[in-house]
Amino acid sequence: MHLQANEHILYKTTPFNSYSLIVLAVVLGIMTFLNDSAQTKHYLIFGFSAFLGLLRAFEHITINNQRIITRKFLTKYMGEISKFLKPPILEIEFQKFRKYEWWRKLSKQDFQKFWRYKSEVCFTYSNQSTMPKTLEKISLSLYSKKQTDKIIENLMQSCDLDPMLTEPK
């Protein structure tokens, strides 16, 4: 990634779940090679897992003082902070809300704390960009709690993200 003039990286990370896929691929590979009676399906499982692990290893998010860049499955999505119509907001997908809200109420957890790690950061642009690689959402459920807190903290500083969530309608 090339930085533009007067641009510096505030935060860069790889989703926490990516590491687990890589570890799974390595474990399956070791099991396959240690098994004397390895069959073709073991090699197929290992190959597919290794392929997914390698693809996920290239995923990351980078928050700069001027841009936000995500890379998913070798495709780069970018949003320029200066082109936002309004500050990004945290949203809860309605289907996900219906699926997990009963669990939150049953476990008596705080609304903000519970949904913060399952929400999405949504961006609105001033020119309604028609470019297919424009960043529209960042799903925070891919990241660990520590990573999510850092992402939200950096977005609050760089582009005035409001960290408060409301129930979807």
Side-chain angles (χ1 to χ4, degrees), residues 1-30 43-97 99-100 114-165 168:
M1 183 185 81
H2 302 288
L3 296 176
Q4 296 175 352
N6 297 326
E7 186 176 60
H8 59 277
I9 295 175
L10 300 174
Y11 187 65
K12 181 176 182 177
T13 189
T14 301
F16 179 72
N17 294 340
S18 297
Y19 297 120
S20 60
L21 274 177
I22 294 168
V23 169
L24 176 68
V26 170
V27 168
L28 283 174
I30 291 170
Y43 290 113
L44 289 175
I45 291 171
F46 170 69
F48 184 69
S49 299
F51 177 71
L52 285 178
L54 285 175
L55 281 180
R56 293 294 300 258
F58 292 109
E59 289 186 15
H60 69 270
I61 181 170
T62 305
I63 301 173
N64 295 332
N65 58 339
Q66 297 176 4
R67 299 183 291 169
I68 301 168
I69 303 163
T70 62
R71 187 175 294 270
K72 295 179 185 175
F73 295 113
L74 303 177
T75 304
K76 184 166 115 176
Y77 298 95
M78 183 175 62
E80 291 189 33
I81 295 173
S82 61
K83 293 185 179 181
F84 292 160
L85 179 63
K86 56 185 180 180
I89 58 171
L90 287 176
E91 282 187 354
I92 306 166
E93 188 178 304
F94 183 71
Q95 302 294 351
K96 194 183 288 188
F97 181 77
K99 186 176 180 180
Y100 293 108
F114 181 82
W115 284 109
R116 179 179 195 149
Y117 304 110
K118 292 175 177 50
S119 63
E120 296 177 333
V121 180
C122 299
F123 303 95
T124 307
Y125 295 93
S126 57
N127 62 355
Q128 295 299 329
S129 180
T130 57
M131 294 178 57
K133 305 271 186 304
T134 302
L135 180 63
E136 295 176 6
K137 294 182 183 184
I138 299 173
S139 179
L140 297 176
S141 62
L142 296 174
Y143 300 94
S144 69
K145 290 183 178 187
K146 185 188 271 187
Q147 289 173 326
T148 299
D149 289 338
K150 281 287 210 181
I151 290 170
I152 290 174
E153 177 186 321
N154 282 297
L155 289 176
M156 285 171 50
Q157 291 174 358
S158 63
C159 51
D160 299 327
L161 171 74
D162 182 14
M164 298 305 291
L165 288 159

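Taking each heavy atom of Lys137 and Lys72 in turn, the nearest pair found is O-NZ, 4.2 Å. Looking at every heavy atom in both residues, Asp149 comes nearest to Arg116 through OD1-NE, 3.6 Å. The minimum heavy-atom distance between Val121 and Leu155, with the atom names listed, is CG1-CD1, 3.9 Å. Heavy-atom minimum distance, Asn65 versus His8: OD1-N, 3.1 Å. Ile92 and Ser119 make their closest contact through CG1-CB, 4.5 Å (heavy atoms, listed as atom of the first residue, atom of the second, distance). Nearest heavy-atom pair across Lys118 and Lys96 is O-NZ, 3.3 Å.
With sequence neighbours excluded, no residue satisfies ring pair (Phe, Tyr, Trp, His ring centres under 6.0 Å) with Tyr11. With sequence neighbours left out, Lys150 forms a salt bridge (charged side-chain N to carboxylate O under 4.0 Å, His left out) with no residue at all.
Between the CD atom in Glu91 and the CG atom in Leu140 there is a gap of 11.5 Å [rounded to 0.5 Å]. Between atom CD1 of residue Ile151 and atom CD1 of residue Ile63 there is a gap of 5.5 Å, rounded to the nearest 0.5 Å. Atom-to-atom distance recorded for Phe123:CZ and Lys83:NZ is 15.0 Å, nearest 0.5 angstrom. Note that the SG atom of Cys159 and the CD1 atom of Ile68 stand 4.5 Å from one another [nearest 0.5 Å]. With rounding to the nearest 0.5 angstrom, the CD atom of Gln66 is 8.0 Å from the CD1 atom of Ile81. Atom CH2 of Trp115 is separated from atom CZ of Phe97 by 6.5 Å, given to the nearest 0.5 angstrom.
A side-chain contact (heavy atoms from CB on, under 4.5 Å) with Tyr77 is found for exactly one of Thr134, Ile69, Ile138, Leu135, namely Leu135.
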(request) Might you work through the side-chain contact (heavy atoms from CB on, under 4.5 Å) test for Ile152 and Leu90, ending with a clear yes or no? (result) CA-CA 9 Å; Ile152 290 174; Leu90 287 176; 4.3 Å; yes
(request) Check the pair Lys86 / Asp160 against salt bridge (charged side-chain N to carboxylate O under 4.0 Å, His left out), numbers first and verdict last. (result) CA-CA 9 Å; Lys86 56 185 180 180; Asp160 299 327; over 6 Å; no
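Counting heavy atoms from C-beta on, the side chains of Arg67 and Glu80 come closer than 4.5 Å.
The main-chain N or O of Gln147 is found under 3.5 Å from a side-chain atom of Ser144 such that the two form a donor-acceptor pair. Side-chain atoms of Asp162 never come within 3.5 Å of backbone atoms of Ile89 as a donor-acceptor pair (strictly under, hydrogens ignored).
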